[in-house]
Amino acid sequence: MRIIHVKDFIGEEVEIKGWLYNKRSKGKILFLIVRDGSGYIQVVGVKGESPDYIFDIYDELGLESSVIVKGIVRKEPRSIGGYELSLTGLEPVQIAVDYPIQKKEHGTAFLMEHRHLWIRSKKQRAILRIRNEVEKAIVDFFYENDFVRIDTPILTPTAAEGSTTLFSTEYFDMGKAYLAQTGQLYLEAAIFANGLVYNFGPTFRAEKSKTRRHLTEFWMVEAEEAYYDNDDNMKVQENFISYIIERVIKRCADELKILERDTNILQSISLPFPKITYDDAVELLQKDGFSTKWGEDFGGDEETAISKHFDKPVFIMDYPRKIKAFYMKEHSERPELVRCADLIAPEGYGEIIGGSQREDDYDKLLARMEEFGLAIENYRWYLDLRKYGSVVHSGFGLGIERTVAWICGIPHVREATAFPRMLYRIYP
RNA sequence: UCCGGCGUAGCUCAAUAGGUAGAGCGGGUGGCUGUUAACCACUAGGUUGGGGGUUCGAGUCCCUCCGCCGGAGCCA
């Protein structure tokens with residue numbers, strides 16, 4: 001019997017297999033809060049009514065001991081969850097002694113050091129369940145919209161985007177291999193077979209970033225669409241985000257409540273999302289008192305400032321080509337720009353999607369790669385795609401942890417994954 | 001890598017101006033028939049992150065190393 005189903009068995013004796021979440025005793029009456037992953041239930045023992053041996057082992061039962069309890073189900077408004085068990089039997093499976101995480105506040109350093117235990121807590125469990133729902137929604141959205149999932153490689157021979165620092169490893173006697181920072185280039189190959197494709201998996205950045213928005217290992221979902229220009233691409237993105245949000249609101253109401261998330265903000269997210277150009281964004285920032293100059297990329301503070309002008313995610317389109325990746329499509333009217341869009345989440349959560357139309361012209365792409373100083377011989381296969389049936393195409397990548405952090409309303413991406421990998425932290 | 005902050009009991013924190021290191025929680029002991037991070041009483045618990053220096057005297061001031069936190073750059 002799982003706790004979530006107890007409400008259907010009022011008056012009957014049930015058996016719960018779980019862990020001791022909390023306990024209190026008041027002389028001749030004792031309260032055990034037991035959790036089993038599906039919920040929490042209070043179990044009450046009364047001297048004279050419950051077996052005596054339970055009162056003998058009560059003191060031994062440390063928090064988080066694994067226990068199998070039996071009791072009669074009662075409706076009880078005073079109890080957590082509204083139902084309660086009158087204790088008839090208790091079998092300790094393994095007695096936990098001195099569980100490190102107490103029913104009080106702890107610092108993040110201590111909690112991260114005990115992350116393997118911390119994930120048992122209510123809030124952490126709620127976050128990870130929302131992540132589970134987000135991941136399911138992602139897969140469903142693409143399946144329903146005829147995208148084919150292509151699992152792109154994690155070991156790659158070269159840096160895809162050139163600029164960022166990558167983790168490397170020895171690859172037999174073939175020199176170094178790198179942990180993928182994106183599967184995009186491989187997805188571009190796959191659209192010529194399937195039209196619409198996506199991937200979903202871990203990506204790695206060896207950047208020494210130390211902020212609330214960065215992990216060294218994070219999950220990303222990337223989509224790539226043949227015959228879609230950047231406007232078509234943005235439509236997919238807003239439908240995608242909206243689909244995820246709706247799903248979480250519908251299926252994770254309890255979890256959002258545990259996190260004390262203000263769901264009004266999430267609920268008000270409707271289509272279409274506002275779209276501004278990079279030019280507009282610079283102007284907006286200058287009006288806000290930033291010293292941002294045209295041609296510079298935006299920092300975290302600037303993204304936050306822009307997002308505060310809107311109550312929905314906002315697209316910033318058409319950045320200067322100099323601050324964007326080599327594969328982005330040159331703007332047809334203004335060659336100093338590229339056809340791209342970043343999606344900035346509301347409430348200061350920063351960029352959650354980076355997307356663009358890709359350069360589909362062989363000569364322009366080659367010139368761009370040379371300009372970026374890329375080793376062309378590593379990209380022969382990628383250039384081939386512009387020789388054999390090249391088409392207009394676009395794609396985007398969404399960071400899972402940032403999205404989950406935003407939906408949950410938590411301040412740091414490290415809590416949006418079970419075992420975060422960060423600069424200076426790889427334990428546990 | 002750079003800038004800033006922090007490091008005191010198992011945990012969260014306090015210690016006026018440089019002058020005998022404390023509290024709450026947790027642990028232990030006892031009490032309590034409806035608790036909600038239960039409560040009450042008693043109790044144990046410390047090389048103040050490491051090293052060096054200034055001083056009659058350093059948790060407090062200085063130097064250095066280590067660890068952690070936040071931010072920048074870069075990005076999702």
Side-chain angles (χ1 to χ4, degrees), chain A residues 21-33 40-50 55 59 62-63 74 76-82 84 86 97-114 117-118 121-122 160-166 180-184 202-222 237 296-304 319 323-325 342-345 349-355 396-406 411-414 416-417 422-425 427:
Chain A
Y21 178 74
N22 204 358
K23 65 168 187 176
R24 302 174 203 100
S25 119
K26 202 171 188 314
K28 296 196 171 79
I29 184 164
L30 58 82
F31 302 93
L32 307 174
I33 314 288
Y40 300 80
I41 192 159
Q42 179 159 276
V43 183
V44 184
V46 179
K47 211 149 201 171
E49 297 173 22
S50 307
F55 289 81
D59 284 341
L63 296 190
R74 262 186 309 107
E76 174 54 75
R78 286 174 291 188
S79 183
I80 182 174
E84 197 170 75
S86 296
V97 180
D98 296 336
Y99 185 68
I101 299 178
Q102 303 169 15
K103 304 274 123 204
K104 55 167 291 197
E105 282 182 36
H106 291 283
T108 50
F110 177 83
L111 289 169
M112 287 309 313
E113 200 65 21
H114 296 84
L117 304 175
W118 189 22
S121 75
K122 258 185 201 169
E161 293 184 14
S163 55
T164 45
T165 320
L166 302 184
Q181 58 165 336
T182 170
Q184 180 201 312
T203 47
F204 307 88
R205 306 276 162 95
E207 293 289 333
K208 297 205 167 180
S209 301
K210 238 182 103 42
T211 83
R212 78 183 75 185
R213 300 185 305 278
H214 288 87
L215 299 171
T216 54
E217 175 182 326
F218 65 98
W219 277 57
M220 184 157 70
V221 55
E222 296 175 284
Q237 292 170 47
E296 292 173 351
D297 206 355
F298 304 136
D301 288 350
E302 288 155 319
E303 285 180 357
T304 301
Y319 281 67
I323 55 172
K324 285 294 176 182
D342 286 351
L343 185 66
I344 311 297
Y349 279 91
E351 181 185 340
I352 52 171
I353 287 183
F396 64 91
L398 171 100
I400 300 304
E401 286 78 7
R402 283 188 187 178
T403 305
V404 171
W406 165 50
H412 202 301
V413 292
R414 67 186 159 207
T417 187
M422 294 176 287
L423 186 63
Y424 305 135
R425 179 165 298 283
Y427 176 93

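Throughout, a chain's letter reflects where its sequence line sits, starting with A, and its residues are numbered from 1.
- Nucleotides B:U43 and B:U20, compared at atom C1', are 22 Å apart to the nearest Å.
- To the nearest 0.5 Å, atoms CD1 (A:I344) and CD (A:E303) are separated by 4.0 Å.
- Separating the P atom of B:G51 from that of B:A9 is a span of 16 Å, rounded to the nearest Å.
- Across all strands, A:E351 comes closer than 4.0 Å only to sugar-phosphate atoms, never to a base (heavy-atom distances).
- For the pair A:K210 NZ and B:C68 C1', the interatomic distance rounds to 8 Å; values are reported in whole Å.
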task: Begin from the C-alpha positions of A:W219 and A:T417 and carry the test side-chain contact (heavy atoms from CB on, under 4.5 Å) through to its verdict.
output: CA-CA 9 Å; A:W219 277 57; A:T417 187; 5.6 Å; no
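- Counting any heavy atom pair closer than 4.0 Å across all strands shown, A:Q42 reaches a base atom.
- Across B:G45 and B:G50, the matching C1' atoms stand 23 Å from one another, rounded to whole Å.
- Under the 30°/60° scheme for interplanar angles, the aromatic rings of A:H114 and A:F110 are found to be tilted.
- Summary of the strand contacts: A:R74 and A:T211 both lie near RNA chain B, and taking for each the nucleotide with the nearest heavy atom, the more 5' one is attributed to A:R74.
- Straight-line distance from the CZ atom of A:R78 to the P atom of B:U33: 15 Å, rounded to whole Å.
- A:G350 comes within 4.0 angstrom of nothing in the nucleic acid, heavy atoms only.
- Proximity of A:W406 to A:I352: side-chain heavy atoms (C-beta onward) are separated by under 4.5 Å at one or more points.
- A donor-acceptor contact under 3.5 Å is not formed by the side chain of A:R425 with the base of B:C69.
- Put simply, A:F218 rests on the base of B:A76: the two rings are less than 5.5 Å apart at their centres and nearly parallel, under 30°.
- A heavy-atom distance below 4.5 Å is found between the side chains of A:Y40 and A:K122.
- Not a single donor-acceptor pair, N or O on each side, falls under 3.5 Å between the base of B:C11 and the side chain of A:H106.
- Atom P of nucleotide B:U12 and atom CD of A:E113 are separated by 12 Å, given to the nearest angstrom.
- For B:A14 and B:U60, the C1' atoms lie 13 Å apart once the distance is rounded to whole Å.
- Candidate nucleotides B:A76, B:C69, B:G34 were compared by shortest atom distance to the side chain of A:L215, and B:A76 ranks first.
- Residue A:R24 places its side chain closer to B:U35 than to any other of B:G34, B:U35, B:U12.
- Between A:R402 and A:E351 there is a side-chain heavy-atom pair separated by less than 4.5 Å.
- RNA chain B forms stems at B:1-7 with B:66-72, B:10-13 with B:22-25, B:27-31 with B:39-43, B:49-53 with B:61-65, each a run of 3 or more consecutive Watson-Crick or G-U wobble pairs whose two key distances fall under 3.5 Å.
- If you measure from atom CD of A:E303 to atom C1' of B:G71, you get 14 Å, rounded to the nearest angstrom.
- Distance from the side chain of A:R213 is smallest to B:A72 among B:G73, B:A72, B:U35.
- Nucleic acid contact for A:D342: none, since no nucleic acid atom lies under 4.0 Å from a heavy atom of the residue.
- Only the P atoms considered, B:C6 is 13 Å distant from B:G49, to the nearest whole Å.
- B:G24 and B:C63 are spaced 36 Å apart, taking the C1' atom of each and rounding to whole Å.
- Comparing B:U12, B:A72, B:G34 by their nearest atom to the side chain of A:K104 picks out B:U12.
- Put simply, the side chain of A:T108 and the base of B:C69 share no donor and acceptor less than 3.5 Å apart.
- Here the side chain of A:E84 is nearest to one of B:C68, B:C75, B:G34, namely B:G34.
- In this structure the side chain of A:Q102 never reaches within 4.5 angstrom of the side chain of A:L63, judged on heavy atoms.
- One finds the CG atom of A:L166 at 10.5 Å from the OG1 atom of A:T203 (value rounded to the nearest 0.5 Å).
- Using a 4.5 Å heavy-atom cutoff, the side chains of A:E401 and A:H412 are not in contact.
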message: Could you go through A:F55 and A:K28, starting from their C-alpha distance and side-chain angles, then the distance that decides it, and tell me whether this counts as side-chain contact (heavy atoms from CB on, under 4.5 Å)?
response: CA-CA 9 Å; A:F55 289 81; A:K28 296 196 171 79; 5.6 Å; no
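- Residue contacts for A:S25: at a heavy-atom cut-off of 4.0 Å it reaches a base atom on one of the strands shown.
- One interatomic measurement links the two molecules: CG of A:D59 to C1' of B:G27, which rounds to 13 Å at whole-angstrom precision.
- Atom C1' of B:C32 sits at a distance of 50 Å from the matching atom of B:G57, rounded to the whole Å.
- Taking the side chain of A:R212 as heavy atoms from C-beta on, and the options B:G71, B:C69, B:G24, the nearest nucleotide is B:G71.
- Side-chain proximity of A:K208 to B:C32, B:G34, B:G73: nearest is B:G73.
- For B:A21 and B:G26, the P atoms lie 27 Å apart once the distance is rounded to whole Å.
- Summarising the geometry, the separation between CZ on A:F298 and C1' on B:G73 is reported as 16 Å, rounded to the nearest angstrom.
- Minimum atom distance to the side chain of A:E76 is reached by B:G34, of the listed B:C74, B:U33, B:G34.
- As a whole-Å value, the separation of A:F110 CZ from B:U12 P is 6 Å.
- At a cut-off of 3.5 angstrom, counting only N and O atoms as typed in the model, there is no donor on one side facing an acceptor on the other between the side-chain of A:Q102 and the base of B:G27.
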Filtered N/O pairs between nucleotides 40-45 of chain B and protein, under 3.5 Å:
none

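- In this structure the side chain of A:L117 reaches within 4.5 angstrom of the side chain of A:P100, judged on heavy atoms.
- In this entry the distance linking CG of A:L111 with P of B:G10 reads 17 Å, nearest Å.
- Mapping A:G354 and A:H412 onto RNA chain B by nearest heavy atom places A:H412 closer to the 5' end of the strand.
- Residues A:D342 and A:Y319 are in side-chain contact: their nearest non-hydrogen atoms beyond the backbone lie under 4.5 Å apart.
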field: Stepwise side-chain contact (heavy atoms from CB on, under 4.5 Å) check, A:R425 with A:R414
entry: CA-CA 11 Å; A:R425 179 165 298 283; A:R414 67 186 159 207; over 6 Å; no
